[in-house]
Amino acid sequence: MCRARKLNDAKKLWSRIFENGLLPHAYTYSTMIKGFCSEGLLDEACKVFTGMKEGGYLPNGCWYFITISQAGDYTKSIATYW
């Protein structure tokens with residue numbers, strides 16, 4: 001959904017994951033973060049990133065490169081939440 005620019009649908013599904021007691025895996029977290037970054041929603045991406053860390057998933061160098069490159073020229077980056 002994020003790739004298809006259906007971020008509102010992705011956000012609804014994201015909420016339902018937690019409402020149903022499920023936990024997303026690293027790929028799901030990364031996809032949501034990339035979707036938020038590509039739409040310029042860095043605060044939302046940072047919230048998901050924080051949840052990712054709390055869920056026990058640690059990003060690697062490749063993940064940082066993709067995420068920060070999606071953030072574009074924003075002065076705030078997800079790396080500050082690490």
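Model, not experiment: these values are computed from the prediction.
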Quiz prompt | side-chain contact (heavy atoms from CB on, under 4.5 Å) assessment of F36 paired with K11 | solution = CA-CA 10 Å; F36 283 131; K11 286 168 58 173; 3.6 Å; yes
Practice problem: Please identify each residue that fulfils side chain to side chain contact (heavy atoms under 4.5 Å, CB included) with E19, with sequence neighbours left out. | Solution: S15, R16
Practice problem: Would you name the heavy atoms of C37 and L42 that are closest together and state the gap between them? | Solution: SG-CD1, 3.6 Å
Self-check item: Heavy-atom check, side chain of Y57 versus side chain of S30, under 4.5 Å
Solution: no
Self-check item: P24 versus W14, closest heavy-atom pair with distance
Solution: CG-CH2, 3.6 Å
Quiz item: Between OG1 of T50 and CD1 of I33, what distance do you get to the nearest 0.5 Å?
Solution: 8.5 Å
Self-check item: L7 vs L41 side-chain heavy atoms within contact, under 4.5 Å
Solution: yes
Quiz item: Roughly how far apart are T28 OG1 and I17 CD1, rounded to 0.5 Å?
Solution: 6.0 Å
Quiz item: About how many Å separate CE of M32 and OH of Y27, when rounded to the nearest 0.5 Å?
Solution: 12.5 Å
